[in-house]
Amino acid sequence: MKIEIAKDIVKPHLTTARYEHSLRVAETAKELALLYGEKVEKAELAAVFHDYAKYRSRDELARWIVTSYLPKDLLDYHHELWHGPVAALLIEKEFGVKDIDIQNAIHYHTTGRAHMSNLEMIIFLADYIEPGRKFTGIDKVREMAKVDLVHACLMASANTIRFLMNKNTAIYPDTFHTYNDLIRRVNGGNH
């Protein structure tokens, strides 16, 4: 699918601010893809679609989870986690995007998962560090993103876990699996 077509598809489903965020994520993903030798077209397409289902109703998101192959335990966690997996499902059902790399990058862009591919890490990180994001510690992650994709994702994962713990909210297991896998990669397989 051409990127301009994807942008036209996504735009009416997002607020103006969220659409602009998606464009910044796409630009950041392109830069990271070039830096880390991934296909720019895939990174850009996954980034444009990553929040495609963000503003669907909770009922619709839950219905897709219940009636599809998506993990049912998602329903036990905050609905903010649902839009990635549902978007990955919808781009195949509605537009025939069957590329599993793109689908996984969209599915796991919020939580991450163990053994993420480079494309998955690029979308996970691009969503976290895009230029519109402003919070304590982000500049360190942005600097690390220029030199070490895995380490930058580890930093983002650790920050996310700390943030969620400080909010006293339940944390989806994939988020912990992401952190554990990345810390092992950074430490050369050691704990």
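- Side-chain contact between Thr15 and Lys54: absent, with no pair of heavy atoms (C-beta onward) separated by less than 4.5 Å.
- Donor-acceptor pairing under 3.5 Å is lacking for the side chains of Asp51 and Tyr19.
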Which pairs would a plain distance check flag for residues 166-174, meaning a side-chain donor or acceptor within less than 3.5 Å of a matching protein atom at least two apart in sequence or in another chain?
{"residue": "Asn166", "atom": "ND2", "partner": "Arg162", "partner atom": "O", "Å": "3.3"}
{"residue": "Tyr172", "atom": "OH", "partner": "Asp73", "partner atom": "OD1", "Å": "2.7"}
{"residue": "Tyr172", "atom": "OH", "partner": "Asp73", "partner atom": "OD2", "Å": "3.4"}

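- Shortest non-hydrogen contact noted between Leu61 and Ala53 is CD2-O, 3.8 Å.
- Of all heavy-atom pairs between Ala145 and Leu35, the closest is O-CD2, 3.6 Å.
- Proximity of Phe49 to Leu45: side-chain heavy atoms (C-beta onward) are separated by under 4.5 Å at one or more points.
- Looking at Glu120 and Ser117, their side chains do bring a donor and an acceptor atom within 3.5 Å of each other.
- Closest approach of Ala26 and Ala47 over heavy atoms only: CA-CB, 3.4 Å.
- Ala152 and Val141 get closest at one heavy-atom pair: O-CG1, 3.7 Å.
- Not a single donor-acceptor pair under 3.5 Å links the side chain of Thr175 to the backbone N or O of Gly112.
- With rounding to the nearest 0.5 Å, the separation of CZ in Arg58 from CG in Leu75 is 12.0 Å.
- Using a 4.5 Å cut-off on side-chain heavy atoms (C-beta onward), Val97 and Glu92 make no contact.
- Using a 4.5 Å heavy-atom threshold, the side chains of Tyr108 and Ile123 count as separate.
- In this structure, the ring of Tyr55 has its center no less than 6.0 angstrom from the ring center of His13.
- Linking Ile, Leu, Val, Met, Phe, Trp and Tyr residues whenever their side-chain heavy atoms come within less than 4.5 Å leaves Met116 and Ile100 in two separate clusters.
- Side chain to side chain, Glu94 and Tyr52 meet the donor-acceptor criterion of an N or O pair below 3.5 Å.
- By the rule that hydrophobic residues join a cluster once side-chain heavy atoms approach within less than 4.5 Å of another member, Leu34 and Tyr36 end up as members of separate clusters.
- When the side chains of ILVMFWY residues are joined at heavy-atom separations under 4.5 Å, either directly or via intervening members, Val25 and Phe135 end up in two distinct hydrophobic clusters.
- Formation of a donor-acceptor pair under 3.5 Å by the Arg18 side chain with backbone atoms of Lys11 is not found in this model.
- Here the straight-line distance linking atom CG of Asp139 with atom CE of Met144 works out to 13.5 Å at 0.5 Å rounding.
- Salt-bridge formation is not detected for the pair Glu27/Arg24: no Lys NZ or Arg NE/NH1/NH2 atom is positioned less than 4.0 Å from an Asp or Glu carboxylate oxygen.
- The closest side-chain heavy-atom distance from Ile65 to Pro85 is not below 4.5 Å.
- The main-chain N or O of Arg113 is found under 3.5 Å from a side-chain atom of Thr178 such that the two form a donor-acceptor pair.
- Taking all atoms of both residues into account, the shortest heavy-atom contact from Ala33 to Ala43 is CB-CB, 3.8 Å.
- For the atom pair Glu143 CD and Ile138 CD1, the distance stands at 11.5 Å (nearest 0.5 Å).
- Linking ILVMFWY side-chain heavy atoms closer than 4.5 Å, directly or via other members, places Met1 and Val40 in two distinct hydrophobic clusters.
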- Message: Does Lys7 form a salt bridge (charged side-chain N to carboxylate O under 4.0 Å, His left out) with Glu4? I'd like the steps, not just the answer.
- Response: CA-CA 5 Å; Lys7 288 177 184 177; Glu4 293 308 318; 3.5 Å; yes
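- Annotation for Phe163: atom CZ does not count as buried by contact number, only 12 or fewer foreign heavy atoms lying within 6.0 Å.
- Once rounded to the nearest 0.5 Å, the distance linking CG of Leu149 with CD1 of Ile122 reads 5.5 Å.
- Side-chain contact between Arg133 and Asp127: present, with at least one pair of heavy atoms (C-beta onward) separated by less than 4.5 Å.
- For the ring pair (Phe, Tyr, Trp, His ring centres under 6.0 Å) test, no residue two or more places apart in sequence or in another chain qualifies with His177.
- By the neighbour-count criterion of 12 heavy atoms within 6.0 Å, atom NZ of Lys72 is densely surrounded, having more than that number from other residues, nucleotides or ligands.
- Taking the side chain as every heavy atom from C-beta outward, Asn159 and Tyr128 approach each other to under 4.5 Å.
- Counting only N and O atoms by type, the side chains of His50 and His21 include a donor and acceptor under 3.5 Å apart.
- For the pair Leu90/Arg56, a side-chain contact is recorded, criterion being any heavy-atom separation below 4.5 Å from C-beta on.
- Annotation: the span from Leu125 atom CG to Ser157 atom OG amounts to 11.0 Å, rounded to 0.5 Å.
- Applying the side-chain contact (heavy atoms from CB on, under 4.5 Å) test between Val48 and each of Val10, Ile9, Ile106 identifies Val10 as the sole match.
- Heavy atoms only, all atoms of each residue included: Met121 and Leu182 are closest at SD-CD2, 4.0 Å.
- Taking the centre of each ring, His109 and His83 come in below the 6.0 Å mark.
- Arg184 and Asp181 are not joined by a salt bridge, as no carboxylate oxygen comes within less than 4.0 angstrom of a charged side-chain nitrogen.
- Note that CD of Glu31 and CD1 of Ile129 are 8.0 Å apart. Values are rounded to the nearest 0.5 Å.
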